[in-house]
There are 2 protein chains.
Amino acid sequence: MLSTEQIIETMSEQGLRITDQRKTLAKLFGENKGYLSAKDVYEFMCKKYSGLSFDTVYRNLRVMHELGVLEQIVFEEGIKFKASCNQDDHHHHLICLQCQKTYPIRFCPVDLTDAPDGFKVVKHKFEVFGYCKDCQQADTIEAKTSERSDNKSEVS
Amino acid sequence: MLSTEQIIETMSEQGLRITDQRKTLAKLFGENKGYLSAKDVYEFMCKKYSGLSFDTVYRNLRVMHELGVLEQIVFEEGIKFKASCNQDDHHHHLICLQCQKTYPIRFCPVDLTDAPDGFKVVKHKFEVFGYCKDCQQADTIEAKTSERSDNKSEVS
DNA sequence: GTTAATGCAAACGTTTTGCACAGGC
DNA sequence: GCCTGTGCAAAACGTTTGCATTAAC
């Protein structure tokens with residue numbers, strides 16, 4: 001997965017200006033292995049930038065996605081983003097429905113899939129959803145303490 | 001895949017009233033094997049019902065989805081619907097990016113996937129996208145005639 | 001100094017809601 | 001006749017756009 005520095009470097013190489021906000025975004029995604037919605041990002045950024053507007057966040061997320069430093073997937077709840085994985089290393093993800101951390105799966109099923117006669121395969125989606133170890137334990141604890149595990153970071 | 005009659009029957013069994021619009025919806029999904037967006041459905045229904053409103057279409061799509069007669073998947077362009085497949089017969093789909101027809105894949109990769117230690121798998125998504133035989137040919141023809149293959153029906 | 005990024009406001013498309021009326025059961 | 005489904009209007013929501021100001025290069 002791209003590091004904070006790699007994200008900044010790529011943006012700079014492409015002629016984008018490295019503003020303070022973009023540094024913070026790069027850091028957020030470089031250090032966070034889960035998926036974040038535009039709203040999550042906005043709320044996080046708000047803590048640091050008081051007069052922040054939605055549109056800047058959206059614009060930056062879009063630019064960063066177009067640039068390829070962020071990848072987005074469509075959940076039922078909407079589109080979410082995380083730092084791109086290394087393209088050379090094709091893989092899929094286990095995604096925790098609670099904390100949204102991702103765990104890589106090396107196995108890619110597309111090669112084992114035989115398409116009917118004339119069908120030309122161009123892309124595929126393989127995602128496995130469930131609950132990671134931590135969140136299962138947290139859920140058990142939660143039942144007693146009603147504390148919530150909302151951190152969205154540090155795996156993959 | 002559920003037939004028009006099965007859709008109507010299920011809705012009736014669940015205490016829903018079978019209005020003329022709902023009959024038409026059931027027929028639309030019972031006979032159409034591709035994915036349709038709410039807008040597609042609305043536009044189709046408009047031909048038959050002049051004073052039709054968006055909200056009724058949305059309400060019915062939602063009700064039918066909650067009831068389980070429709071399944072929805074999230075494309076980049078938004079949410080789309082089609083009649084539910086038989087639950088007993090778990091399978092995945094090849095989806096044509098042009099005409100959105102679906103072709104079943106018996107192969108399910110989830111059993112071949114080993115999750116890390118404590119991860120509890122609850123659901124998965126495996127979809128293969130590409131272009132079906134017809135649309136590849138149509139594309140070649142299209143280059144000359146610029147005719148478009150917009151029908152969204154009759155396979156799976 | 002030039003050009004791109006930002007904040008603001010307003011627009012846009014999609015989906016949801018409340019309510020009165022029409023229609024299935 | 002009861003209660004659900006419908007149409008209408010308006011609101012909510014997420015996202016995008018145009019423009020003047022600000023800041024990176």
Side-chain angles (χ1 to χ4, degrees), chain A residues 5 7-29 35-67 69-81, chain B residues 5 7-29 35-67 69-81:
Chain A
E5 293 71 31
I7 294 173
I8 292 175
E9 194 184 351
T10 310
M11 293 178 76
S12 180
E13 274 168 9
Q14 297 295 319
L16 294 185
R17 294 187 178 164
I18 306 309
T19 62
D20 202 60
Q21 276 194 43
R22 285 178 175 168
K23 270 185 215 154
T24 309
L25 279 172
K27 190 161 182 292
L28 173 62
F29 283 106
Y35 282 93
L36 299 172
S37 69
K39 205 180 160 199
D40 292 335
V41 176
Y42 174 71
E43 279 165 6
F44 174 85
M45 297 289 284
C46 269
K47 291 181 202 158
K48 191 162 178 184
Y49 305 93
S50 53
L52 185 71
S53 52
F54 274 115
D55 39 283
T56 306
V57 172
Y58 280 112
R59 260 187 297 237
N60 280 328
L61 289 176
R62 186 140 60 103
V63 167
M64 290 170 81
H65 178 240
E66 281 166 6
L67 222 158
V69 295
L70 294 187
E71 58 188 50
Q72 59 178 48
I73 87 160
V74 204
F75 287 85
E76 268 76 1
E77 323 93 64
I79 294 173
K80 304 205 169 182
F81 300 84
Chain B
E5 293 71 31
I7 294 173
I8 292 176
E9 195 184 348
T10 310
M11 292 176 78
S12 180
E13 273 169 7
Q14 298 295 319
L16 294 185
R17 297 192 174 158
I18 308 306
T19 63
D20 201 60
Q21 277 194 41
R22 284 178 177 171
K23 271 185 214 153
T24 310
L25 280 171
K27 191 160 181 295
L28 173 62
F29 283 106
Y35 282 92
L36 300 171
S37 69
K39 205 179 161 196
D40 292 335
V41 176
Y42 175 70
E43 278 164 7
F44 174 86
M45 297 290 283
C46 270
K47 292 181 202 157
K48 192 162 176 184
Y49 306 92
S50 54
L52 185 71
S53 52
F54 273 116
D55 38 285
T56 307
V57 173
Y58 280 112
R59 261 187 296 237
N60 280 328
L61 289 175
R62 186 141 61 106
V63 167
M64 290 168 81
H65 178 240
E66 281 166 5
L67 223 156
V69 296
L70 294 187
E71 59 188 49
Q72 60 177 46
I73 87 161
V74 203
F75 288 85
E76 266 78 1
E77 323 92 68
I79 294 172
K80 304 205 169 183
F81 299 84

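Source: prediction; values computed, not measured. Chain letters run A, B, ... following the sequence lines, proteins first, then strands; residues in each count from 1.
Going from atom CE of B/M45 over to atom C1' of D/dT6 covers 12 Å, rounded to whole Å. A/H65 places its NE2 atom 15 Å from the C1' atom of D/dT15, with the value rounded to the nearest Å. A/Q21 places its CD atom 13 Å from the C1' atom of C/dA4, with the value rounded to the nearest Å. Here the P atom of nucleotide C/dT14 and the CZ atom of B/F81 are 13 Å apart, to the nearest Å. Residue B/F54 contributes atom CZ, which lies 20 Å from atom P of C/dG18 at whole-angstrom precision. If you take NZ of A/K80 and P of D/dG14, they are 12 Å apart, rounded to a whole angstrom. Rounded to a whole Å, the CD1 atom of B/I8 is 15 Å from the P atom of D/dG5. The CE atom of A/M64 sits 12 Å away from the P atom of C/dA5 (whole-angstrom rounding).
Nearest to the side-chain atoms of B/Y58 among the listed nucleotides D/dC8, C/dT15, C/dG7 stands C/dT15. Listed nucleotides: C/dA5, C/dC19, D/dG14. Nearest to the side chain of A/T19: C/dA5.
Of the residues B/M64, B/H65, B/E66, the one that meets the side-chain contact (heavy atoms from CB on, under 4.5 Å) test with B/R62 is B/E66.
The residue B/S53 sits close to a base: some heavy atom pair falls under 4.0 Å. Across all strands, A/R62 comes closer than 4.0 Å only to sugar-phosphate atoms, never to a base (heavy-atom distances).
Side-chain N/O atoms of A/T24 and A/Y49 include a donor and acceptor closer than 3.5 Å.
A donor-acceptor contact under 3.5 Å is not formed by the side chain of B/R22 with the base of C/dG24.
Nearer to the 5' terminus of DNA chain D, by closest-nucleotide assignment, is the contact made by B/R17 (compared with the other of B/R17 and B/T56). Take the nearest nucleotide of DNA chain C for B/D55 and for B/I18: the residue whose nucleotide is more 5' is B/D55.
Taking the side chain as every heavy atom from C-beta outward, A/F44 and A/L28 approach each other to under 4.5 Å. Under the 4.5 Å side-chain criterion, counting only non-hydrogen atoms from C-beta, B/F29 is in contact with B/L61.
Distance alone, capped at 3.5 Å, is enough to place a donor-acceptor pair between the B/R22 side chain and the B/R17 backbone.
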